[in-house]
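Residue numbers begin at 1 in each chain, while the letters A, B, ... track the order of the sequences.
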Number of protein chains: 2
Amino acid sequence: MSATIKVLLADDQALVRGALAALLALEPDLEVVAEVGRGDEVVEAARASAADVCLLDIEMPGIDGIAAAAAVRDALPGVRTLVVTTFGRPGYLRRALEAGASGFVVKDTPARQLAEAVRRVHAGLRVVDPSLATESLVDGANPLTEREREVLAVALRGGTVAAVAGVVHLSPGTVRNHLSSAIGKTGTSTRAEAARVAQERGWL
Amino acid sequence: MSATIKVLLADDQALVRGALAALLALEPDLEVVAEVGRGDEVVEAARASAADVCLLDIEMPGIDGIAAAAAVRDALPGVRTLVVTTFGRPGYLRRALEAGASGFVVKDTPARQLAEAVRRVHAGLRVVDPSLATESLVDGANPLTEREREVLAVALRGGTVAAVAGVVHLSPGTVRNHLSSAIGKTGTSTRAEAARVAQERGWL
DNA sequence: CGGTGATCGTGACACCTGTCACGGGCAGGA
DNA sequence: TCCTGCCCGTGACAGGTGTCACGATCACCG
């Protein structure tokens with residue numbers, strides 16, 4: 001075991017990545033051993049640098065931070081992951097924990113708490129934003145089915161039913177049925193509203 | 001004149017704010033004298049701390065970073081502003097410069113260049129992301145009219161024509177005409193697409 | 001002064017959407 | 001086995017949407 005906790009940083013914004021590195025470098029017991037800007041480079045870099053904890057942003061090219069957490073869990077079981085994200089969407093928290101993440105921190109949290117969160121995760125504890133944890137329970141699970149999510153995700157870009165049907169290889173009528181169901185489940189009245197609400201809740 | 005450059009940080013995400021502070025603290029000639037999380041606190045904090053340069057994020061509660069830059073220009077003419085944002089939308093660059101910002105940096109830029117950008121801005125130079133500058137020229141100005149922007153901004157939330165008409169206090173028919181015009185100008189075929197494209201280009 | 005363009009409104013038309021009812025197929029649990 | 005739930009599709013209907021033509025007012029500019 002090394003004396004310091006080795007940290008891997010994954011964030012697509014170089015400026016934020018560098019800034020977080022500077023922040024963690026202030027802590028004598030932490031050491032940033034790797035930085036990546038894509039989700040699909042996390043496992044490789046974590047292995048090469050023998051990282052103890054991976055700090056993962058969700059919004060990243062390649063694969064997102066949640067999928068990266070799952071990949072780390074499968075490939076490097078001893079490595080802990082801590083998801084750090086901009087959006088405190090309840091669905092994100094649930095999916096992150098299901099992907100094996102040990103912690104979930106929103107970017108609104110004070111800077112000084114980040115190092116402490118890394119230490120707790122490294123010690124085997126779970127770190128979860130308390131305000132989000134309750135919200136996640138209140139909000140409940142994702143009521144959308146697999147196809148509804150898929151159709152709604154494409155509809156988010158704004159095309160017509162025919163365009164969506166072409167992308168997902170379905171009949172236009174089926175697409176409308178899925179959209180109608182999703183509209184009902186989100187309590188909205190148009191697909192654009194439904195897509196927006198679903199995204200805000202982390203259902204996509 | 002002080003020996004160090006006094007910097008004000010404005011970003012709604014506390015973690016990013018603190019991280020940027022740590023990053024700039026590494027530079028001996030820079031000093032972070034104030035941190036705020038809202039756009040409408042910038043002028044007050046800049047005055048109180050006698051800041052030389054204001055680092056402004058665009059996405060902020062209260063007023064956004066561009067409006068904050070304009071407020072600083074009007075209230076504190078000697079203070080330079082540097083806009084730092086997540087999205088490299090050409091329209092943002094143009095509007096930021098019109099608001100009197102001395103610099104425009106995307107969060108994708110390497111961390112080490114930030115301090116240099118602050119120094120250049122403090123020296124009275126303009127700092128503009130080069131890749132964005134050319135894109136801004138190619139893209140041209142915002143073709144949308146004032147009312148088209150307003151209607152499109154409301155339509156972005158996804159409601160029906162009637163709902164939009166109620167918000168902007170217009171006739172439903174007029175709203176449809178404005179939307180139709182905006183759809184034509186964005187080269188799209190639905191209002192949702194038009195709103196998405198307009199936002200991506202910084203036209204809203 | 002006339003011309004131009006943004007703004008606001010109406011009316012009409014073809015088309016798209018959201019909803020519902022109704023099939024059938026397929027997996028998993030009582 | 002039946003039942004339930006998800007999936008996929010069709011058809012029909014009312015209502016919303018996008019487009020166009022046509023007026024009208026107002027501000028600005030040559």
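The distance from atom CD of B/Glu150 to atom C1' of C/dA6 is 14 Å, rounded to the nearest whole Å. Taking atom CG on A/Leu152 and atom C1' on C/dT17, their separation rounds to 15 Å, with Å as the unit. As rounded to whole Å, 16 Å separates atom P of C/dC15 from atom CZ of B/Arg176. Straight-line distance from the CG atom of B/Leu179 to the C1' atom of C/dG9: 15 Å, rounded to whole Å. Between the CZ atom of B/Arg191 and the C1' atom of D/dT19 there is a distance of 13 Å, given to the nearest Å.
Listed by chain and residue number, nothing satisfies the salt bridge (Lys or Arg N to Asp or Glu O under 4.0 Å) test with B/Asp74 (two or more places apart in sequence, or in another chain). Scored by the side chain to side chain contact (heavy atoms under 4.5 Å, CB included) test, B/Ala192 finds B/Thr190 as partners (sequence neighbours excluded). With sequence neighbours excluded, the residues forming a salt bridge (Lys or Arg N to Asp or Glu O under 4.0 Å) with B/Glu200 are B/Arg196, listed by chain and number. Every side chain to side chain contact (heavy atoms under 4.5 Å, CB included) that A/Arg126 has, sequence neighbours left out, goes to A/Leu97.
OP1 or OP2 of C/dT19 lies within a sub-4.0 Å distance of a side-chain N or O belonging to A/Ser180.
Side chain to side chain, A/Thr4 and A/Glu31 meet the donor-acceptor criterion of an N or O pair below 3.5 Å.
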(Q) How would you summarise protein contacts on nucleotides 5-10 of chain D per nucleotide, using B for base, S for sugar-phosphate only and - for none, with heavy-atom distances below 4.0 Å? (A) -SSSBB
Per-pair distances, 0.1 Å, donor-acceptor, side chain in residues 53-60 of chain B, under 3.5 Å, sequence neighbours excluded:
none

